[in-house]
Amino acid sequence: MAFSFTMVFTRLAAGGLSPLFIGAGRAVGAASLAVAALTLTRQALPKGSQWARLAVVAAGVVAGFPLLTSYALTVVPASHGAIVIALLPAATAVCAVLRGHERPPLAFWATVTAGALAATVFAMVHGAGFGHLSWPDLLLFGAVLAAAVGYAEGGLLARELGAWQTVSWALVVAAPVMLALTAVDVVRHPPHATAAQWAAFGYLAVVSMYLGFFAWYRGLAIGPIAQVSQVQLIQPVFTIGWAALMLHERLTWSTALGGAAVIGCAALAVRIRLR
């Protein structure tokens, strides 16, 4: 539920703030909260290879996903981005198998693949037609890959460091780069936004970039990551609803059919998991 507002508020903030400021600036805001939380609770420093793994998490969910989606959503509607991001659970499941050596049943993979294909076909039809993807779709697919790697590695690392500690340390690792990017953008394009756009940016920094991961990484840590990640397929349904209510985006038949196909596959995946 926390992440279902991300596309909508990114689209809203993009009306007055630059994509670079939205993507990097929200990480800077979240990092300030992370530093305060780690300091106040006197958390022990990560050890050895954990720093490298935190860098992977940071590259995926702190830098890659926010920046790529911010640029994509300056062009495409939030509802369109929501359906493409529906590929994320399938990509996370693949990363969980490769990184965590999980082995879901074949029936599970069949439904996950069907959901991924439904989301891909939607992007091609809703974008520039079959056989050709528009550049925002390529950015969204890149965001899916980045987040999937960050989710899988973060879920594994949360078993060692803790859920909120993992995202906190990842934000700290990424902070120097994200701060530099934010500073450069502020100098080149001083931010000017409405109160609603700043509120949307605040949500992205506090919830989408930080608090939402408290529950998400805890769930992935309990695992199995491949199966738990399929819960996120419900996210496009909420996002499309929020986009219609808050941004007055029109619900086209292609959007509705794409969403229905993806969510139908999610329902089947959950039934297979429960058996």
Side-chain angles (χ1 to χ4, degrees), residues 2-11 19 22-23 26-27 56-100 104 109 111-128 132-155 167 170 204 208-209 212-213 216-217 220 225-240 243 255 258-259 261-263 265-266 269:
F3 293 153
S4 70
F5 289 96
T6 300
M7 291 289 164
V8 176
F9 286 151
T10 300
R11 176 71 174 174
I22 296 171
R26 75 196 206 191
V56 172
V57 175
V61 301
V62 179
F65 184 86
L67 288 171
L68 291 172
T69 54
S70 294
Y71 277 98
L73 289 173
T74 60
V75 178
V76 299
S79 56
H80 177 83
I83 299 298
V84 178
I85 296 300
L87 287 165
L88 184 51
T92 303
V94 172
C95 290
V97 169
L98 295 176
R99 182 66 181 87
W109 285 115
T111 56
V112 169
T113 301
L117 289 175
T120 303
V121 170
F122 166 81
M124 298 173 71
V125 173
H126 202 59
H132 178 72
L133 293 174
S134 60
W135 68 265
D137 287 322
L138 297 179
L139 293 180
L140 290 170
F141 288 139
V144 166
L145 179 60
V149 173
Y151 284 171
E153 191 63 46
V167 66
L204 295 173
S208 297
M209 193 78 267
F213 280 97
W216 184 237
Y217 273 158
L220 292 178
I225 294 175
Q227 294 175 341
V228 172
S229 64
Q230 302 313 298
V231 174
Q232 200 174 29
L233 271 172
I234 199 66
Q235 179 178 325
V237 175
F238 288 116
T239 299
I240 291 172
T255 301
V262 171
I263 300 308
C265 293

Is Arg11 reaching over with its side chain to a backbone N or O of Leu73, donor-acceptor style, under 3.5 angstrom?
yes
Between Ala82 and Thr239 the two heavy atoms that sit nearest each other are CB-CG2, 3.4 Å
Smallest separation among heavy atoms of Ala243 and Ala78, with atom names
CB-CB, 4.2 Å
Evaluate the criterion side-chain contact (heavy atoms from CB on, under 4.5 Å) for residue pair Phe3 and Leu88; output intermediate values, then yes/no.
CA-CA 12 Å; Phe3 293 153; Leu88 184 51; over 6 Å; no
Do Thr6 and Arg26 make a side-chain contact, defined as non-hydrogen atoms from C-beta onward lying under 4.5 Å apart?
yes
Has the side chain of Ser4 got a donor or acceptor atom that lies under 3.5 Å from a matching backbone atom of Gln235?
no
Any Val167 side-chain heavy atom under 4.5 Å of Met209 side chain
no
Ile85 and Val144, any side-chain heavy atoms less than 4.5 Å apart:
yes
pair Tyr151-Ile225: side-chain heavy atoms closer than 4.5 Å
no
Pro136 versus His80: any side-chain heavy-atom pair under 4.5 Å?
no
Heavy atoms, side chains only, cut-off 4.5 Å: are Val61 and Trp216 in contact?
no
Here the pair of heavy atoms bringing Ala90 nearest to Gln230 is N-NE2, 4.1 Å
Check the angle between the aromatic planes of Phe9 and Phe5 and answer parallel, tilted or perpendicular using the 30° and 60° thresholds.
parallel
Mind checking the OH-OG1 spacing from Tyr71 to Thr10? Nearest 0.5 Å is all I need.
13.5 Å
Counting C-beta onward and ignoring hydrogens, is there a side-chain heavy-atom pair between Met7 and Val76 closer than 4.5 Å?
no
Closest approach of Gly23 to Pro66 (non-hydrogen atoms, all atoms of both residues):
O-CB, 3.7 Å
Taking the side chain as every heavy atom from C-beta outward, state whether Leu140 and Leu68 have any atom pair closer than 4.5 Å.
no
Nearest heavy-atom neighbours spanning Ala58 and Ala170
CB-O, 3.4 Å
Closest approach of Cys95 and Ala152, non-hydrogen atoms and distance?
CB-CB, 3.6 Å
